[in-house]
Q: 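Could you have a look at this structure, given as structure tokens, before my questions?
Start at 1 and go down the list; that is how both ligands and their atoms are numbered. The structure displayed is predicted, hence computed values, not measured ones.
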Amino acid sequence: MANSRFEYVKQFESSDSLLPNTWIVIRIDGRGFTKLCAKYNFAKPNDRRALDLMNAAAQAVMTELPDIAVAYGVSDEYSKLITTIASTFTSYYVHLWPQFFPDNPLSPPLPSFDGRAVCYPSVQNLRDYMSWRQVDCHINNLYNTTFWSLIQLGGFDAKEAEKSLAGTLSADKNEILFSKFKINYNNEPEIYKKGSVVFRDYELVEPGSHSVSETIDNIAEPVQQSKTQEEKDKKRRNKACVVVEHLDIIKDDFWDRRPWLLSNKP
Ligand code: DGT
Ligand code: MG
Ligand code: MG
Ligand code: MG
Ligand code: MG
């Protein structure tokens, strides 16, 4: 449409760059999953198949987009970043669905995900963001586990369960679970209590490619990297295993033991 009278519409494409030199967090979220979970009878409060499917989709996205470290700070294109990640995630979610729900074929309305980007200027902000999500996971799961135990094991209806949980603290919910249902919350699966963290594990790189210390040294180098160094890093990211774990990401330990995760920023 070069030089046509229609070309002016291009001016409406506004620039949507993200703040450079920040940690870009792309948060994607299932759209209307309250309905979707009901439609496909997801187990309450946690459906292991559904969570494994989310993790498999996340793992596939990370494997497919080695630049996703960019999602933590290098890339500059807001909409491109969000749409690429949200649409790739959706594609894999739908593609992998039959592996996790073989007896439950998908039909419209199909699953989709929304995405948003937030820039965090410091490592501390990023760590606090991750901590915020994990605290949320814990609080919600303790509530949901108690709520659904009261219903599924205690014969309460939803109103009664809600009422008996109103105003309770964590310790009270632990106590209800234990005294009424002999459930020790500490023994609940880690995936439910802690959620899932997906990252590149360089210790699992195929033997002979790169040692961990070499990897860390290279990545921790100053921001001004030569093009070839950048390409080397990208190749290494491509080779690394993308793993899913259910670890504490609030304490320092997780980050201290994997310095490459947060080391490409001053
Ligand atoms: P949205 O994000 O505004 O389009 O609306 P929703 O409906 O996706 O709501 P959201 O994202 O605030 O909450 C997630 C919903 O998904 C919530 O209703 C609980 C449900 N859900 C998530 N995981 C599971 C699961 O493993 N089992 C069951 N039964 N439900 C789940
Ligand atoms: Mg949600
Ligand atoms: Mg949403
Ligand atoms: Mg949602
Ligand atoms: Mg394009």
Q: Distance under 4.0 Å to a non-hydrogen atom of Asn46: what atoms of ligand 1 satisfy this?
A: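 What qualifies from ligand 1 is 26 (O).
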Q: Which is closest to atom 8 (O) of ligand 1 by heavy-atom distance: Phe113, Phe33, Tyr192?
A: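 The residue whose heavy atom sits nearest atom 8 (O) of ligand 1 is Phe33.
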Q: State the atoms of ligand 1, each with its element, that fall below the 4.0 Å cut-off from a heavy-atom position in Phe42.
A: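 Within the 4.0 Å cut-off of Phe42, ligand 1 contributes 27 (N), 28 (C), 29 (N).
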Q: Would you check if the distance from the ring center of Phe33 to the ring center of Phe113 is below 6.0 Å?
A: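 Between Phe113 and Phe33, which both carry aromatic rings, the centre distance is below 6.0 Å.
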Q: Out of Ser112, Pro111, Gly32, Ala43, whose heavy atom is nearest to atom 27 (N) of ligand 1?
A: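 It is Ala43 whose heavy atom sits nearest to atom 27 (N) of ligand 1.
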Q: Main chain of Val118, side chain of Arg27: is a donor-acceptor contact present, judged purely on distance under 3.5 Å?
A: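 No.
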Q: Classify the ring geometry between Phe42 and Tyr40 as parallel (under 30°), tilted (30 to 60°) or perpendicular (over 60°).
A: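 Answer is tilted, since the angle falls between 30° and 60°.
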Q: Tell me whether Asp47 has any N or O atom under 3.5 angstrom from an N or O of ligand 1.
A: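 Such a contact does occur with ligand 1.
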Q: Quick check: Cys37 and ligand 1, any N/O pair under 3.5 Å apart?
A: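 Checking ligand 1 against Cys37, no N or O pair falls under 3.5 Å apart.
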Q: Using the six-membered ring wherever Trp is involved, compare the ring planes of Phe101 and Trp97 and label them parallel, tilted or perpendicular (cut-offs 30° and 60°).
A: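 If you compare the ring of Phe101 with that of Trp97, the planes turn out parallel.
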Q: Please determine, by modelled atom types, if Tyr185 and Asn141 share a side-chain donor-acceptor pair under 3.5 angstrom.
A: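 There is such a pair between these side chains.
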Q: Please determine if Leu51 has a nitrogen or oxygen closer than 3.5 Å to a nitrogen or oxygen of ligand 1.
A: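 By distance alone, the answer is no.
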Q: With a cut-off of 2.8 Å, does Gly30 place any N/O/S atom under that distance from the Mg ion (ligand 4)?
A: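 For Gly30, the answer is yes, given that an N, O or S atom comes within less than 2.8 Å of the Mg ion (ligand 4).
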Q: State whether Lys193 and Glu190 are salt-bridged, where the test is any N-O pair (Lys NZ or Arg NE/NH1/NH2 against Asp/Glu carboxylate O) under 4.0 Å.
A: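 A salt bridge is present here (some side-chain N lies under 4.0 Å from a carboxylate O).
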Q: Under 4.0 Å, counting heavy atoms only: does Ala38 come that close to any atom of ligand 1?
A: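 In this structure, Ala38 fails to qualify as a contact of ligand 1 - no heavy atom is under 4.0 Å.
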Q: Side chains of Ser107 and Lys39: is there a donor and an acceptor less than 3.5 Å apart?
A: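 Yes, Lys39 and Ser107 have a side-chain donor paired with an acceptor closer than 3.5 Å.
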Q: Are Glu13 and Lys10 within salt-bridge range, i.e. N to O under 4.0 Å?
A: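 Answer for the salt bridge query: yes.
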Q: Is there a polar contact between ligand 1 and Lys35, counting only N or O atoms under 3.5 Å apart?
A: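 No; the residue has no nitrogen or oxygen that sits under 3.5 Å from a nitrogen or oxygen of the ligand.
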Q: Between the side chains of Asn55 and Gln59, is a donor N or O closer than 3.5 angstrom to an acceptor N or O?
A: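 Side-chain D/A pair, Asn55 to Gln59: absent.
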Q: Tell me whether Arg31 has any N or O atom under 3.5 angstrom from an N or O of ligand 1.
A: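 It does not: no N or O of Arg31 is found under 3.5 Å from an N or O of ligand 1.
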Q: Counting from 1, what ligand 1 atoms have a heavy atom of Asp29 closer than 4.0 Å?
A: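 Those atoms are 2 (O), 11 (O).
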Q: I'd like to check whether Ala50 has a polar contact with ligand 1, where a contact means an N/O of the residue lying under 3.5 Å from an N/O of the ligand.
A: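 Such a contact does not occur with ligand 1.
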Q: Of all N, O or S atoms in Asp29, which has the smallest distance to the Mg ion (ligand 4)?
A: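 Per the distance ranking, Asp29 contributes OD1 as its closest N/O/S atom to the Mg ion (ligand 4).
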